[in-house]
Amino acid sequence: MAARSPVVFQGRAAVSVKKLHPITVRSYPQLAVGLVPNLASLLKSCAGTVKTTGALNVYVPAGGVSFNENCDATVRSDMLEGLRRVAAGVLHDAPGGDAAPPLDAVYDIVGRSATVPLAGGAPTLGTWQGLYLFFDSAAEEVEVILTVVEGAVKSFKCSANARASHDITPDVQATADHMTVVHTHHTSASLSLRDRAAAPADLEPIAEAIIPFAWNDEFFEHTYEGPDDMPGHMKSTVLGCGCVVDAALAGTKAVVLNEHRDVGGYGCGHTRTITTAHVPVAERRGVAVAASPTIVDVTAEVRKVADAGNAKLLYITAPSGGQVFLTARAAAAEQYFARAVRGVPFGTTVLPHCLLIPAAALERHAVRLNTMGAPQELSVAAL
């Protein structure tokens with residue numbers, strides 16, 4: 001008998017841009033950012049009453065998505081100019097210039113999908129955490145696809161007593177027959193998967209090279225809590241405040257909490273709260289990919305697995321050390337992932353080793369794999 005899918009709901013919602021109170025900046029008027037007023041209410045409007053414990057995946061077909069501070073609008077305006085500079089630097093190696101990068105480049109860097117644990121139907125967000133949507137400023141609505149899966153949710157606290165990377169793998173407790181969604185409740189910290197051979201190599205110097213403190217003097221307005229305030233928020237959005245891992249990945253990767261502030265979080269000091277959602281995964285299929293010096297499009301191979309499993313949600317990993325990510329179909333991914341920014345290997349820093357996306361994402365976007373110059377066995381689970 002086939003195992004029951006953990007997916008309990010999937011649906012689409014068209015969010016009115018007016019309700020997001022969008023912000024744009026003069027230097028990059030094409031890009032807008034809005035804050036979803038209440039993620040739980042958005043889920044309820046789409047799915048009705050949901051009391052599931054597990055995880056919620058949010059995917060934006062024509063935009064980007066991130067969790068960050070829900071309080072001060074200057075975070076959002078600073079974020080827009082910061083993302084313009086990051087994308088311009090990756091594309092043109094001219095950070096801070098006047099270049100207006102394609103919107104797809106920003107969406108690919110921020111991410112088009114984000115996942116947060118659910119407890120009784122409520123997203124387990126931090127006090128100051130809200131959902132950002134990035135989109136074309138000419139849009140009147142932003143489409144989102146929401147997917148809810150069942151799982152077991154746990155929380156733990158850790159001490160991040162320095163602006164550095166901290167290995168939290170033992171606390172995550174990844175298992176072989178589950179994927180584990182890991183989420184930090186803080187807007188100036190991020191989560192990454194790092195090769196165990198490198199861990200606990202510190203990501204902070206690399207993040208600082210991409211998002212320099214000099215931006216405090218050049219354009220950041222959100223500097224109320226010191227010079228590490230807005231850079232911490234920027235780093236959290238670029239690196240991401242969540243990741244997904246399983247036992248196979250945890251065998252070669254370390255789950256790393258990146259603390260981006262010297263003083264820790266507002267009101268909580270160096271104590272960081274992490275929530276995990278352990279979601280059952282019944283079956284995975286392997287896809288062999290030959291070593292390549294360039295980034296490989298593996299969309300067709302992933303689609304075969306999705307179609308065979310009648311999937312609603314796909315969990316895609318590269319457990320042998322590759323990096324798998326989602327981009328626009330026409331994107332020349334090598335332009336902004338297979339190169340360095342300020343001497344820093346951008347792609348190997350910011351790209352995930354796994355993806356959790358709705359199968360519907362394959363209609364619009366491409367799944368790409370950086371083989372890191374070695375043969376890979378892509379693992380695809382159809383939920």
Side-chain angles (χ1 to χ4, degrees), residues 6-11 13 15 20 34-47 50-60 63-71 110-134 142 144-157 168 171-172 174 178-193 233 236-246 255 257-258 265 272-279 312-315 326 352 354-358 361 383:
V7 176
V8 296
F9 169 80
Q10 186 174 81
V15 182
L20 298 174
L35 178 67
V36 174
N38 188 309
L39 180 55
S41 295
L42 175 61
L43 176 59
K44 185 175 181 179
S45 69
C46 189
V50 174
K51 296 185 178 180
T52 301
T53 291
L56 168 65
N57 176 265
V58 182
Y59 163 71
V60 184
V65 59
S66 173
F67 292 102
N68 217 294
E69 184 176 307
N70 60 9
C71 181
V110 170
R112 301 169 184 271
S113 177
T115 309
V116 62
L118 286 175
T124 59
L125 298 177
T127 303
W128 307 107
Q129 217 168 29
L131 181 68
Y132 285 15
L133 301 181
F134 296 90
V142 180
V144 297
I145 296 179
L146 305 177
T147 307
V148 176
V149 291
E150 289 181 319
V153 170
K154 299 179 181 179
S155 293
F156 63 90
K157 295 183 184 294
I168 61 170
D171 295 310
V172 170
H178 289 74
M179 65 177 184
T180 300
V181 175
V182 191
H183 177 83
T184 175
H185 291 220
H186 307 277
T187 62
S188 54
S190 63
L191 289 166
S192 304
L193 295 178
H233 294 309
S236 179
T237 280
V238 171
L239 293 176
C241 65
C243 65
V244 188
V245 68
D246 56 47
V255 183
L257 172 71
N258 306 300
R272 295 302 200 181
T273 302
I274 311 293
T275 297
T276 59
H278 301 270
V279 177
K312 291 185 177 180
L313 194 67
L314 296 168
Y315 174 50
L326 197 69
C354 60
L355 270 181
L356 184 59
I357 55 172
L383 284 69

Measure the spacing between OG1 of T115 and CG of L313 and express it to the nearest 0.5 Å.
7.5 Å
Could you state the interatomic distance from SG (C46) to CD (Q10), rounded to the nearest 0.5 Å?
9.5 Å
Distance col, row D171:CG vs F156:CZ, nearest 0.5 angstrom, shows 4.5 Å
May I ask you to decide if T273's main-chain N or O and H186's side chain share a donor-acceptor pair within less than 3.5 Å?
yes
Which pair of heavy atoms, one from A277 and one from A55, lies closest together, and at what distance?
CB-CB, 4.1 Å
Looking at every heavy atom in both G121 and L43, which two are closest together, and how far apart are they?
O-CD2, 3.9 Å
Would I168 and R272 satisfy side-chain contact (heavy atoms from CB on, under 4.5 Å), going step by step from the backbone distance to the final call?
CA-CA 11 Å; I168 61 170; R272 295 302 200 181; over 6 Å; no
Side-chain contact test, heavy atoms from C-beta onward, threshold under 4.5 Å: evaluate it for V58 versus L146 and give yes or no.
yes
State, without any angle test, whether S155 and T275 hold a side-chain donor-acceptor pair at a distance under 3.5 Å.
yes
pair L133-V36: side-chain heavy atoms closer than 4.5 Å
yes
Check: N70 side chain, Q129 main-chain N or O, donor-acceptor pair, under 3.5 Å
yes
Check F67 against C241 and note the closest heavy-atom contact, atom names and distance.
CB-SG, 3.6 Å
L383 vs L314, side-chain contact (heavy atoms from CB on, under 4.5 Å): CA-CA, chis, key distance, verdict
CA-CA 6 Å; L383 284 69; L314 296 168; over 6 Å; no
Quick one: pull up CG in L131 and OG in S66 and give me the separation to the nearest 0.5 Å.
8.0 Å
Distance-only, no hydrogens or angles: does the T180 side chain make a donor-acceptor pair with backbone N or O of D246 under 3.5 Å?
no
Just jot down the side-chain hydrogen bond (donor to acceptor under 3.5 Å, both in side chains) partners of T52, sequence neighbours excluded, or say none.
none
Run the numbers on V149 and Y315 for side-chain contact (heavy atoms from CB on, under 4.5 Å), then give the verdict.
CA-CA 12 Å; V149 291; Y315 174 50; over 6 Å; no
With H183, which of T276, V244, L125 fulfils side-chain contact (heavy atoms from CB on, under 4.5 Å)?
L125
Tell me whether N68 contacts the main-chain N or O of Y132 through its side chain, where contact means a donor paired with an acceptor under 3.5 Å.
no
Who are the side-chain hydrogen bond (donor to acceptor under 3.5 Å, both in side chains) partners of T124, not counting sequence neighbours?
none
So do the side chains of L193 and C354 get within less than 4.5 Å of each other, counting heavy atoms only?
yes
Contact check, side chains of V153 and L118, non-hydrogen atoms, under 4.5 Å
no
Between A40 and P123, the two heavy atoms sitting closest are CB-CD, 3.9 Å
Taking L356's backbone N and O only, do any of them form a donor-acceptor pair with N57's side chain (distance below 3.5 Å, no angle check)?
yes
Quick check against the 3.5 Å criterion: does T53 have a side-chain atom that pairs as donor or acceptor with the backbone of G120?
yes
Shortest non-hydrogen contact from L326 to L355?
N-CD1, 3.9 Å
Below 4.5 Å, heavy atoms only, C-beta onward: do V255 and C243 meet side chain to side chain?
yes
Do you know which two heavy atoms are closest between E150 and V279, and how far apart they sit?
O-CG1, 3.5 Å
Can you tell me how far OG of S192 sits from CG of L239, rounded to the nearest 0.5 angstrom?
5.0 Å
To the closest 0.5 Å, what do you measure between OG (S188) and CG (N258)?
11.5 Å
